[in-house]
Amino acid sequence: MALGRAAKDEQLAAQVAEDYTKAELTERERLIADFAAKVTRSPDTCSSRDLEVLRKAGFSDEDILGMVGIISYQNMTTRIMESLSTVD
């Protein structure tokens with residue numbers, strides 16, 4: 001699993017894949033995961049308050065833009081692959 005290799009912790013990666021809310025994440029990792037879940041599940045509910053929470057945690061606007069780019073790209077590629085995998 002790519003996350004496990006990146007984090008150098010396969011067990012943590014498995015926990016995150018299963019249910020990130022139960023994984024042992026740092027406060028910063030939890031903020032990123034919560035933001036990623038919100039952008040993925042209900043992007044129309046994202047607001048300036050979400051960005052302020054991230055800024056107060058020390059993330060720059062560049063960091064946040066990078067997060068949104070990665071999250072959006074992952075969501076897009078997942079949907080493409082899921083759509084193609086159902087084609088007979």
_Atom pair CG (Leu25) and OH (Tyr20), whose distance is rounded to the nearest 0.5 Å_ = 9.0 Å
*What is the distance from atom CD1 of Ile32 to atom CZ of Arg30, rounded to the nearest 0.5 Å?*
11.5 Å
*asked:* Going by salt bridge (charged side-chain N to carboxylate O under 4.0 Å, His left out), name the residues that satisfy it together with Asp34, two or more places apart in sequence or in a different chain.
replied: none
*Is it true that Tyr73 and Leu84 fall in one hydrophobic cluster, defined by side-chain heavy atoms closer than 4.5 Å?*
yes
*asked:* Between Glu82 and Arg79, does the salt bridge (charged side-chain N to carboxylate O under 4.0 Å, His left out) criterion hold? Intermediate values first, please.
replied: CA-CA 5 Å; Glu82 287 174 352; Arg79 280 158 185 76; 6.0 Å; no
*N/O donor-acceptor pair under 3.5 Å between Ser72 side chain and Gly69 backbone*: no
_Set of residues satisfying side chain to side chain contact (heavy atoms under 4.5 Å, CB included) with respect to Arg28, sequence neighbours excluded_ = Thr26, Phe59
_Can you give me the closest heavy-atom contact between Ile71 and Ala36, atom names plus distance?_
CD1-CA, 3.5 Å
*Any salt bridge between Arg55 and Glu52, counting N to O under 4.0 Å?*
yes
*Less than 4.5 Å apart, any side-chain heavy atom of Thr40 and any of Gln74?*
no
*Does a side chain donor of either Asp63 or Ser60 reach within less than 3.5 Å of an acceptor in the other side chain?*
yes
_Neighbour count above 12 (heavy atom, 6.0 Å) for Glu27 CD_ = no
_Gap separating the CD1 atom of Ile70 from the CG atom of Leu65, nearest 0.5 angstrom_ = 10.0 Å
*Might you confirm whether atom CE of Met76 has over 12 heavy atoms from other residues, nucleotides or ligands at distances under 6.0 Å?*
yes
*Could you state the interatomic distance from CG (Leu31) to NZ (Lys56), rounded to the nearest 0.5 Å?*
12.0 Å
